[in-house]
There are 2 protein chains.
Amino acid sequence: MASSFSFEIMQEIGVLSENDKGWRKELNLVSWNDRPAKFDLRDWAPNHEKMGKGITLSNEEFAQLKEIINQM
Amino acid sequence: MASSFSFEIMQEIGVLSENDKGWRKELNLVSWNDRPAKFDLRDWAPNHEKMGKGITLSNEEFAQLKEIINQM
């Protein structure tokens with residue numbers, strides 16, 4: 001199946017880790033297909049030239065994650 | 001390519017959201033292939049019968065995520 005999509009990293013919030021090959025696990029605000037930006041936790045190659053696996057979180061999910069983490 | 005793996009949810013930490021079909025985005029501690037448990041942020045069908053996309057975080061990555069979130 002062919003597919004295409006656009007994305008724009010609106011804000012680089014933070015880096016969780018970096019491996020030997022320079023791939024970094026990052027928390028960003030990303031707009032997919034020109035939709036409103038969502039929080040995005042994902043692996044990226046250097047300079048964001050390739051993206052790896054990750055998940056997006058809505059504002060509500062992100063707020064819930066923060067609450068959960070701070071109650072641990 | 002055939003593949004198989006085992007997983008065990010060691011601790012259910014929290015639920016970020018639930019959709020119409022009962023799938024939930026959860027933060028858990030999960031052991032993959034009998035390895036030490038890692039933090040895991042992922043979509044799950046009811047009763048964890050199917051898993052969706054997600055990412056795993058090491059202890060160090062999770063600590064970094066907490067620090068980043070609390071500095072926002």
Side-chain angles (χ1 to χ4, degrees), chain A residues 1-33 35-46 48-72, chain B residues 1-33 35-46 48-72:
Chain A
M1 186 179 75
S3 65
S4 79
F5 63 93
S6 68
F7 72 92
E8 185 178 356
I9 298 175
M10 311 299 287
Q11 186 189 341
E12 301 183 22
I13 302 173
V15 176
L16 278 63
S17 64
E18 179 170 341
N19 73 10
D20 294 344
K21 296 184 176 175
W23 282 68
R24 308 199 302 180
K25 192 163 285 180
E26 301 182 1
L27 176 63
N28 299 315
L29 269 175
V30 177
S31 168
W32 303 92
N33 297 317
R35 287 196 290 257
K38 290 180 126 189
F39 292 97
D40 189 89
L41 202 52
R42 184 175 305 278
D43 290 315
W44 291 92
H48 298 127
E49 285 178 0
K50 294 182 190 172
M51 66 176 65
K53 286 195 290 187
I55 56 167
T56 57
L57 300 175
S58 67
N59 285 339
E60 294 74 16
E61 289 169 338
F62 190 75
Q64 193 64 28
L65 176 62
K66 178 174 183 173
E67 194 172 313
I68 291 168
I69 286 179
N70 284 321
Q71 285 174 353
M72 290 173 66
Chain B
M1 185 180 77
S3 65
S4 79
F5 63 92
S6 69
F7 72 92
E8 184 177 357
I9 298 175
M10 310 299 286
Q11 186 188 342
E12 300 183 24
I13 301 173
V15 177
L16 278 62
S17 65
E18 179 169 342
N19 74 7
D20 295 344
K21 296 185 176 175
W23 281 68
R24 310 200 301 182
K25 192 163 282 179
E26 302 182 1
L27 176 63
N28 297 314
L29 270 175
V30 177
S31 169
W32 303 92
N33 297 317
R35 287 196 289 257
K38 291 180 127 191
F39 291 97
D40 188 88
L41 202 50
R42 183 176 305 277
D43 290 316
W44 293 91
H48 298 126
E49 285 178 357
K50 294 181 189 173
M51 65 176 65
K53 287 195 290 186
I55 56 165
T56 57
L57 300 175
S58 67
N59 285 339
E60 293 73 18
E61 289 169 338
F62 190 75
Q64 193 63 29
L65 176 62
K66 179 174 182 173
E67 195 171 313
I68 290 168
I69 286 179
N70 284 320
Q71 285 173 352
M72 290 172 68

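Reminder, nothing fancy here: chain letters follow the sequence lines and each chain counts from 1. FYI, side chains are in, hydrogens and waters are out, and symmetry mates aren't considered; it's all heavy atoms of this structure.
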Per-residue contacts, residues 37-46 of chain B versus chain A, heavy atoms under 4.5 Å: B:F39, B:L41
Residues in residues 23-31 of chain A near chain B [non-hydrogen atoms, under 4.5 Å]: A:K25, A:L27
Under the side-chain contact (heavy atoms from CB on, under 4.5 Å) test, residues paired with A:D20 that sit two or more places apart: none
Chain B-proximal positions within residues 59-67 of chain A [heavy-atom distance under 4.5 Å]: A:E61, A:F62, A:Q64, A:L65, A:K66
